[in-house]
Amino acid sequence: MDNREIANVFDEIADLLEISGANFFRVRAYRNAARITRDHPVPLSSLTTEQLCELPGIGEELAAKIETLSSTGRLPFLDELKKKVPSGLVELRSIRGLGPKRIKLLGELLEVRDKEGLRRAAEAGRIRAVRGLGAKLEEQILHALAEPAAQQEKRMLYADAEPIVNALLTHMRKCRAATAIDVAGSFRRRRETVGDIDVLAASSKPQSVTEQLRAYGPVKEVLASGETKTSVVLADGLQVDLRVVAPGDFGAALLYFTGSKAHGIHLRKIAQDRSLLLNEYGLFRGKKAIAAADEKGVYRALGLEWIPPEIREDRGEIEAAASGKLPHLIARKDLRGDLHSHSTWTDGRASIEEMARGAARAGLEYLAVTDHSKRLTMAHGLDPKRLREQWREIDRVVAKVRGIKLLRGIEVDILEDGSLDLPDDVLSELDWVVASVHYKIEQNSRDLTRRIVKAIGNPNVDVLGHPTGRLINHRAPGHFDLDEVLRAARGEGCAMEINSQPERLDLDDVMCIAAKRAGVKMVISSDAHHPNQFAGLEYGVNQARRGWIESSDVLNSRPLSKLRQRSR
DNA sequence: GATCATACGATCGTCACTATTCATAGTGA
């Protein structure tokens with residue numbers, strides 16, 4: 001089992017323990033372990049018991065469970081737990097108003113086992129009869145059960161949320177009573193998906209700000225609305241949480257609501273160690289606020305440099321900030337070129353000339369035209385003959401379009417046995433070769449690892465394209481031994497792509513950290529199929545920043561002359 | 001379940017909002 005799978009087991013245990021009424025802190029220990037496991041850049045199966053116990057939050061008990069899972073892929077403890085708790089109860093957590101206590105109660109008193117049982121109980125009016133519950137909750141439950149299932153769970157892609165957030169902020173900023181309006185939460189941390197939108201306002205008249213949100217056109221439903229806190233649901237299903245604080249508290253509140261949760265908890269612990277109290281209103285010594293108005297001031301008062309939101313995940317950034325060793329995260333302006341793009345020669349929607357002009361408009365100095373190879377028949381992949389014809393077209397565009405250099409490239413398919421879809425003599429004539437897996441990605445880990453390592457070993461290959469092949473919310477990442485692939489990439493001087501397509505963002509943040517540790521260079525690519533997709537490089541940069549990536553880690557932050565000088 | 005450290009047993013983040021029991025428990029963030 002790899003780290004992700006172990007993390008999923010710990011989350012499952014936490015879910016089951018929670019509704020079986022276990023100690024709250026025991027549940028939290030499992031959730032914490034899940035996070036640590038998921039975030040760890042090295043396979044836990046490669047660590048000794050002592051090394052596992054050194055991880056903060058992992059003790060003897062959890063270390064033993066990690067070892068059992070790594071070696072056998074099973075955990076008797078989980079199997080036992082599953083026998084005791086009906087699995088249908090877990091999904092009731094997605095219903096607003098139902099937490100562990102009430103679910104346990106419903107299970108015991110009304111013999112509810114799943115959503116269907118809950119529906120029957122609610123329709124029969126048996127929920128309102130339970131002491132502590134009432135008619136309001138019963139209505140709320142029926143309302144939630146009537147929602148289409150698809151809308152309930154999925155997190156929205158960052159790129160899809162972006163225009164919604166921008167429109168919302170524009171509306172909120174029209175409110176005169178607010179001196180500042182900003183977005184916090186996972187959106188501010190630039191996570192690849194967002195669950196809800198946290199909006200923070202500074203105002204001495206919270207009522208006016210609350211009214212501004214409630215009057216927003218797209219608001220479909222008001223979930224809760226108090227003096228300083230309001231939650232609404234927009235027509236597209238996205239939840240918005242508004243918090244209003246006094247202008248003097250804005251920095252502390254922004255820090256608090258940006259999260260992540262783990263980052264905040266760690267900061268508050270540092271505050272405690274210094275006999276201070278940190279909450280959303282400020283950093284206090286006794287009753288005296290020593291910092292609150294701006295984020296930088298709060299970090300400074302805790303002895304820390306300001307930490308960019310993208311890396312606030314408690315993955316070592318606080319220790320780095322304490323010792324002045326924060327990374328200088330890459331920015332969009334650092335990118336000088338784009339090394340993955342398509343044209344109408346295969347599945348792109350614009351000509352090479354249009355793509356070249358679009359790249360120039362996006363401020364890029366060079367662009368690799370990397371259409372598909374012949375195996376990808378549905379994209380009309382190129383064979384050697386058509387590829388050579390394409391070079392003449394590239395030469396024609398180079399002569400015509402100023403301000404951008406074009407590279408002859410290919411996105412060559414990695415075939416099932418790890419060989420490439422074009423002969424070496426053709427590949428060796430190209431300026432830039434992206435090698436990608438496009439089919440049979442679901443093969444077992446051993447075969448997929450061998451396949452990728454073999455492709456990386458071809459000296460013509462410059463970068464591994466969208467390494468895991470995942471599509472967020474649609475296709476799970478391919479299963480391979482990341483360590484082994486990174487070792488091969490390091491040895492062969494092959495880079496890893498960070499694909500900027502919003503549903504790919506592949507490598508993900510944790511894998512970026514692993515690649516950097518392994519000494520592998522990266523390439524942030526648009527994979528643009530249309531000129532308007534060069535703007536999407538921003539999403540790849542976001543992901544890279546979340547993965548602690550600096551300009552020096554990224555090949556296409558170099559000028560073209562330096563890119564070509566790299567040694568293999 | 002992990003961590004700290006009067007080395008066994010206490011502590012683990014904090015706060016707003018809602019519903020119902022109208023002072024408190026549960027939830028959600």
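Letters A, B, ... mirror the listed sequences (proteins, then strands); counts begin at 1. Computation of the quantities below employed the complete heavy-atom set of this structure, encompassing side-chain atoms and omitting hydrogens, waters and symmetry-equivalent molecules.
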Between P of B/dG26 and CZ of A/Arg96, the distance in whole Å
18 Å
With a cut-off of less than 4.0 Å, is there a side-chain N or O of A/Gln140 near OP1 or OP2 of B/dA19?
no
Does A/Arg102 reach a base, just sugar-phosphate, or nothing at all? Heavy atoms under 4.0 Å.
sugar-phosphate
Identify which nucleotide among B/dC15, B/dC17, B/dA2 has an atom closest to any side-chain atom of A/Lys229, counting heavy atoms from C-beta outward.
B/dC17
Shortest side-chain distance from A/Arg268, nucleotide among B/dA29, B/dT14, B/dT20:
B/dT14
Taking the side chain of A/Asp198 as heavy atoms from C-beta outward, which of B/dG1, B/dA29, B/dT20 is closest to it?
B/dA29
Among the candidates B/dA2, B/dA29, B/dT27, find the nucleotide nearest to the side-chain atoms of A/Pro100.
B/dT27
Pairwise 5' ranking along DNA chain B for A/Phe25 and A/Glu60, keeping only the more 5' one:
A/Glu60
Run the salt bridge (Lys or Arg N to Asp or Glu O under 4.0 Å) test against A/Lys288 and tell me which residues pass, sequence neighbours left out.
none
Looking at the side chain of A/Asp196, which of B/dT18, B/dA29, B/dA16 is the nearest nucleotide?
B/dA29
Please classify the nucleic acid contact of A/Lys104 as base, sugar-phosphate, or nothing, using heavy-atom distances under 4.0 Å.
nothing
Nucleotide of B/dC17, B/dG1, B/dT14 approaching A/Ala224 most closely (side-chain heavy atoms):
B/dC17
Let me know, please, whether A/Thr228 or A/Asn23 comes out on the 5' side of the other along DNA chain B by nearest nucleotide.
A/Asn23
When A/Asp509 is tested against each of A/Arg191, A/Arg315, A/Arg545, A/Gln543 for side-chain hydrogen bond (donor to acceptor under 3.5 Å, both in side chains), which residue passes?
A/Arg315
Check every strand shown and say whether A/Leu98 touches a base, only sugar-phosphate, or nothing at a heavy-atom separation below 4.0 Å.
sugar-phosphate
Does B/dC15 have its OP1 or OP2 closer than 4.0 Å to a side-chain nitrogen or oxygen of A/Asn279?
yes
